[in-house]
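Below is one structure, written out as structure tokens; the observations come after it.
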Amino acid sequence: MTSTTTLTAGLPVEHRERLMRVAREVSFVAGTRLFEEGGRAHRFWIVRTGTVALDLRVPGRRAAVIESLGHGELVGWSWHFPPYVWHLGAEAMTPVRAWEFDAEAVRALSAQDPAFGRAVATWIGDVVAHRLHAARIRLLDLYGPHGSGSLL
């Protein structure tokens with residue numbers, strides 16, 4: 001996968017290794033909610049195996065799945081920006097194995113090492129831009145006039 005939302009594409013080796021030193025392995029059964037829109041964002045994950053769906057609450061309708069994330073992809077960016085509140089929800093669509101990170105620990109590492117902090121911030125910025133675009137396209141596909149969500 002060549003997306004900048006993956007760990008290997010998003011961070012240089014030396015920063016990736018530093019980040020992985022604070023990781024812990026976790027797993028989720030299918031159907032587990034990792035987080036809810038509006039909840040406190042105090043951790044994030046990188047998918048090892050399985051699929052996580054990001055969703056957005058839509059008033060009067062079922063939550064819209066915005067994007068599905070897989071191997072190597074970052075789940076959660078809201079932990080990086082105050083007030084540290086989730087902007088989307090996330091659910092394990094299949095059994096998921098992931099690396100979990102404590103947001104406070106990663107923010108502390110970023111403050112201690114400005115080069116690491118810049119690399120993480122750039123990666124998170126790429127992820128946010130990608131997710132914003134994906135959300136726009138998906139919502140236009142679901143609720144806009146026919147064809148309005150297609151790429152030019």
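In this text the structure is predicted, and so the values were computed from the model without any measurement. We number each residue from 1, following the sequence as shown.
Atoms CD and CG, on Glu37 and Leu54 in that order, are 11.0 Å from each other to the nearest 0.5 Å. Between atom OG1 of residue Thr51 and atom CD of residue Glu67 there is a gap of 12.0 Å, rounded to the nearest 0.5 Å. Rounded to the nearest 0.5 Å, atoms CE (Met93) and CG (Asp55) are 9.0 Å apart. To the nearest 0.5 Å, atom OG1 of residue Thr32 and atom CD of residue Glu91 are 8.0 Å apart.
Contact between Trp77 and Val128 at its shortest, heavy atoms only, is CD2-CG2, 3.4 Å. Between Ala119 and Pro12, the shortest heavy-atom contact is CB-CD, 4.3 Å. Closest of all the heavy-atom pairs between Leu109 and Phe116 is CB-CE2, 3.7 Å.
Of the listed residues (Leu11, Val127, Leu69), just one forms a side chain to side chain contact (heavy atoms under 4.5 Å, CB included) with Leu74, and that residue is Val127.
By the neighbour-count criterion of 12 heavy atoms within 6.0 Å, atom CD of Glu14 is densely surrounded, having more than that number from other residues, nucleotides or ligands.
Val120 and Met20 fall within a single hydrophobic cluster, where Ile, Leu, Val, Met, Phe, Trp and Tyr are joined by side-chain heavy atoms under 4.5 Å apart, directly or via other members. By the criterion of side-chain heavy atoms lying less than 4.5 angstrom apart, applied directly or through intervening Ile, Leu, Val, Met, Phe, Trp or Tyr residues, Leu56 is grouped together with Val75 in one hydrophobic cluster.
In this structure, Glu73 contributes its side chain and Gly70 its backbone to a donor-acceptor pair below 3.5 Å. Side chain of Arg107 to backbone of Trp79: a donor-acceptor contact under 3.5 angstrom is found.
You'll find the side chain of Arg97 reaches within 4.5 Å of the side chain of Thr49, heavy atoms only. A 4.5 Å side-chain heavy-atom check between Arg24 and Val26 finds at least one atom pair inside the cut-off.
Trp86 is linked by a ring-ring contact (aromatic ring centres under 6.0 Å, His included) to Phe35, counting only residues two or more places apart in sequence or in another chain. Shown here are the ring-ring contact (aromatic ring centres under 6.0 Å, His included) partners of His80, two or more places apart in sequence or in another chain: there are none.
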Check your understanding: Can Val22 and Val106 be said to form a side chain to side chain contact (heavy atoms under 4.5 Å, CB included), step by step?
Key -> CA-CA 8 Å; Val22 297; Val106 175; 4.1 Å; yes
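For Arg33 and Phe28, the positive end is not near the middle of the six-membered ring at less than 6.0 Å and at most 45° from its axis.
Between Trp123 and His15, a ring centre-to-centre spacing not shorter than 6.0 Å is recorded.
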I'd like a table of donor-acceptor pairs (distance under 3.5 Å, sequence neighbours excluded) in which one partner is a side-chain atom from residues 40-48, with atom names and distances.
residue: His42; atom: ND1; partner: Arg40; partner atom: O; Å: 3.2
residue: Trp45; atom: NE1; partner: Glu100; partner atom: OE2; Å: 2.8
residue: Arg48; atom: NH1; partner: Glu25; partner atom: OE1; Å: 2.8

